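Source: prediction; values computed, not measured.
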Amino acid sequence: EVLIPRGMFKPRTTRIILGKTMSLVNFSKVTKLFSENKRREKHKQELFQEVMLMVLSRVTRADSNIENVEIAKVQEVLKTELSQDISDAEIRTAASSEIFENQSLERYLATATRKLDERERMVIMASLASVIRSDQHIRGFELDFFDKVAMALRATPSEIAGLISE
């Protein structure tokens with residue numbers, strides 16, 4: 001391995017390894033790594049937002065009785081947690097999404113949970129509990145839905161209780 005200067009006007013050090021040239025100051029691999037991480041983080045955030053919308057909108061249908069107070073609570077939670085303004089119509093559409101004709105909610109969440117961290121699972125569970133309590137009547141269907149979501153997300157008892165280590 002030999003280091004030689006390359007170019008008079010563009011000082012650049014080049015490493016020659018077994019007849020191949022590799023630039024030391026190109027940083028293409030590092031740059032690619034950072035851009036991939038940004039893309040992954042953006043995808044992860046979008047996944048979290050999608051899971052939140054899907055879970056919260058679906059719970060409004062858990063008892064087959066979508067109440068306006070539940071829709072309003074979903075809107076409030078999504079605004080608070082995601083800074084997203086979602087319309088009544090969008091929530092109702094998400095609640096009856098066709099994705100569940102091909103794949104169950106539990107299966108979808110089990111796949112998504114691999115990419116969600118402890119804090120995101122905790123926010124989903126706390127938000128879900130908040131929506132369930134919004135109409136002052138907790139029904140068996142809603143409790144079943146809560147339990148199914150908790151199991152699919154593999155939420156721990158501490159996450160469900162909102163406890164997180166510092």
Close side-chain approach of [X] and [Y], heavy atoms under 4.5 Å:
X	Y	result
V74	E70	no
F48	D117	no
V131	V55	no
E50	E46	no
L128	F145	yes
E106	M151	no
M54	L105	yes
Q84	K79	no

**Item:** Cluster check L143, L56: I/L/V/M/F/W/Y, side chain < 4.5 angstrom
**Value:**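 Yes.
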**Message:** Using the rule that Ile, Leu, Val, Met, Phe, Trp and Tyr join whenever any side-chain heavy atoms are under 4.5 Å apart, tell me whether I138 and V59 fall into a single cluster.
**Reply:**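 Yes, it is one cluster - the side chains of I138 and V59 are joined through contacts under 4.5 Å.
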Atom pair [atom1]/[atom2] of [X] and [Y] - distance to nearest 0.5 Å:
X	Y	atom1	atom2	result
L78	S57	CG	OG	8.5 Å
D135	N68	CG	CG	11.5 Å
S96	R58	OG	CZ	8.0 Å

Compare every heavy atom of [Y] with every heavy atom of [X], then report the nearest pair and how far apart it is.
X	Y	value
R121	L153	CD-O, 3.0 Å
E81	M52	CB-CE, 3.9 Å
T60	A95	OG1-CB, 3.9 Å
L109	A152	CB-CB, 3.7 Å
M125	A155	CG-CB, 4.1 Å
Q75	D88	NE2-N, 3.2 Å

**Asked** Considering residues, nucleotides and ligands other than K115, do more than 12 of their heavy atoms fall under 6.0 Å from its NZ?
**Response** no
**Asked** Is the number of heavy atoms from other residues, nucleotides or ligands within 6.0 Å of CZ (R139) greater than 12?
**Response**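 Check passes, neighbour count above 12.
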Salt-bridge contact [X]-[Y] (side-chain N to carboxylate O under 4.0 Å):
X	Y	result
E76	K73	yes
E120	K44	yes
K148	D144	no

**Message:** Tell me if a side-chain donor or acceptor on S130 pairs with a main-chain N or O of A126 at a distance below 3.5 Å.
**Reply:** no
**Prompt:** Does a donor on one side chain and an acceptor on the other come within less than 3.5 Å for S87 and E90?
**Reply:**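 The criterion, which ignores hydrogens and geometry beyond distance, is satisfied for E90 and S87.
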**Prompt:** Are I91 and I66 close enough, and set up right, to give a side chain to side chain contact (heavy atoms under 4.5 Å, CB included), and what steps lead you there?
**Reply:** CA-CA 11 Å; I91 292 169; I66 300 176; over 6 Å; no
